[in-house]
Amino acid sequence: MIDHDRLFKELLSTFFVEFLELFFPDVSEYVERDSLVPMDKELFTDVTSGERYEADLVMRAQFRGQSSQFLVHVEHQSSSQSDFNRRMFRYFARLHETHALPVYPIVIFSQDSPRRPEPDSYRVEFSDFLVLEFHYRVIQLNRLQWQDFVNLPNPVASALMAKMQMEPQERPVVKVECLRLLASLGLNPAQIQLISGFIDTYLKLSQTEQVRFQAELDRIEPARQEEVMQIVTSWMEEGLQRGRQEGLEEGRRQEALSLVLRQLARRVGEMEPELQEQIQALAIAQIEDLGEALLDFSTKADLEAWLEDCASRLESSSDSPDSE
């Protein structure tokens, strides 16, 4: 599963000024750029449903040439939700109440479909009286044409073109253009890695598309072509290294699992399939812990109690404040 919110938060928090310049030039004119500070996680509880929500990105900023401050709240949505406008109002109201500062609310919609315009307001009204009309800014990527951004020297543009409106046959072309633009920006290696990883996540190409990608790459100027290939080579090497590390880790896990299962068979006898499935689902650290604990087992009940205790500890850890 793709962690869409994490990818967008990393991109926008790293290039927040460039994000404002690209989509909200008026805001970038009146914000004191050196004053931008990311806020700690803003958590909200929905009293009705009991669910907890975390605002994706909240930046505290200062008006240029003034001491007064305001907040910029950017929320990312990877799917269309019927009541999202109400949730945006709740975020706004609680941020405004908590910090007593003006809030500039923005939503980025990145879903592939539907392409119909997403709401940009929330209203509470009666037939004779408008109680509330709350507005927020909307960037709906699937309604933007990637061609309009291809020559803009902006790192956020080079990344977000990968999620803009395109025809299926254009995917290899868009990937080349994203990387060509990225290569022209003079970013540092860490920034290039962040954006190229974003592009590759959303524009993974089939073998047929890879052939078209290479053909399109051959058409751009040789100097820029070499820079793009360096980016491609870099993420391929990173992928291979990550794959080797994951392979080694999984190999170690399988080896430890096999040993533990053999030892358990001697200690507690034959195990039901359900019990074996619980053991096979354990992480490497848990399997190693089980390898030590089983020396004290004498019955199957000891194993079941250990597994239950392990699940309880894992659940307790995930519910603790530090894990939020």
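Just the heavy atoms: all of them, side chains too, but no hydrogens, waters or symmetry mates, feed the values below.
Between the E133 side chain and the S121 main chain, no donor and acceptor come within less than 3.5 Å of each other. A donor-acceptor pair under 3.5 Å links the side-chain atoms of N142 to the main chain of P114, judged by distance alone. Judged by distance alone, with hydrogens and angles left aside, the side-chain atoms of K163 form no donor-acceptor pair with the main-chain N or O of L141 at under 3.5 Å.
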Check: So Q111 and S78, side chain to side chain contact (heavy atoms under 4.5 Å, CB included) or not? Walk me through it.
Finding: CA-CA 5 Å; Q111 74 268 20; S78 59; 5.9 Å; no
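Ion pairing of E304 with K300 is absent here, as no side-chain N (NZ or NE/NH1/NH2) approaches a carboxylate O to less than 4.0 Å. The pair R87-D83 fails the salt-bridge criterion, with no side-chain N (NZ, NE, NH1 or NH2) lying under 4.0 Å from an Asp/Glu carboxylate O. For R143 and E118, the salt-bridge test fails: no basic side-chain N is under 4.0 Å from an acidic carboxylate O. Look at R94 and E97 and you find no salt bridge, because none of the NZ, NE, NH1 or NH2 atoms lies under 4.0 Å from a carboxylate O.
In this structure, the separation between CZ on F129 and CD on E125 is 11.0 Å, given to the nearest 0.5 Å. Put simply, CE on M59 and CZ on F16 are 5.5 Å apart, with the number rounded to the nearest 0.5 Å. Considering CG of L290 and CG of L303, their distance stands at 6.5 Å, rounded to 0.5 Å.
Using a 3.5 Å distance cut-off with no hydrogens or angles, the side chains of N154 and S158 do not pair a donor with an acceptor. Donor-acceptor pairing under 3.5 Å is recorded for the side chains of N188 and Q191.
Applying the ring-ring contact (aromatic ring centres under 6.0 Å, His included) rule to Y104 yields no partners; only residues at least two apart in sequence or on another chain are considered.
A centroid separation of less than 6.0 Å is found between the aromatic rings of H4 and Y202. In this structure, F134 has its ring center under 6.0 Å from that of F92.
Residue E226 forms a side chain to side chain contact (heavy atoms under 4.5 Å, CB included) with just one option from R224, Q230, M229, and that option is Q230.
The heavy-atom pair separating G65 from E32 by the smallest distance is N-OE1, 3.4 Å.
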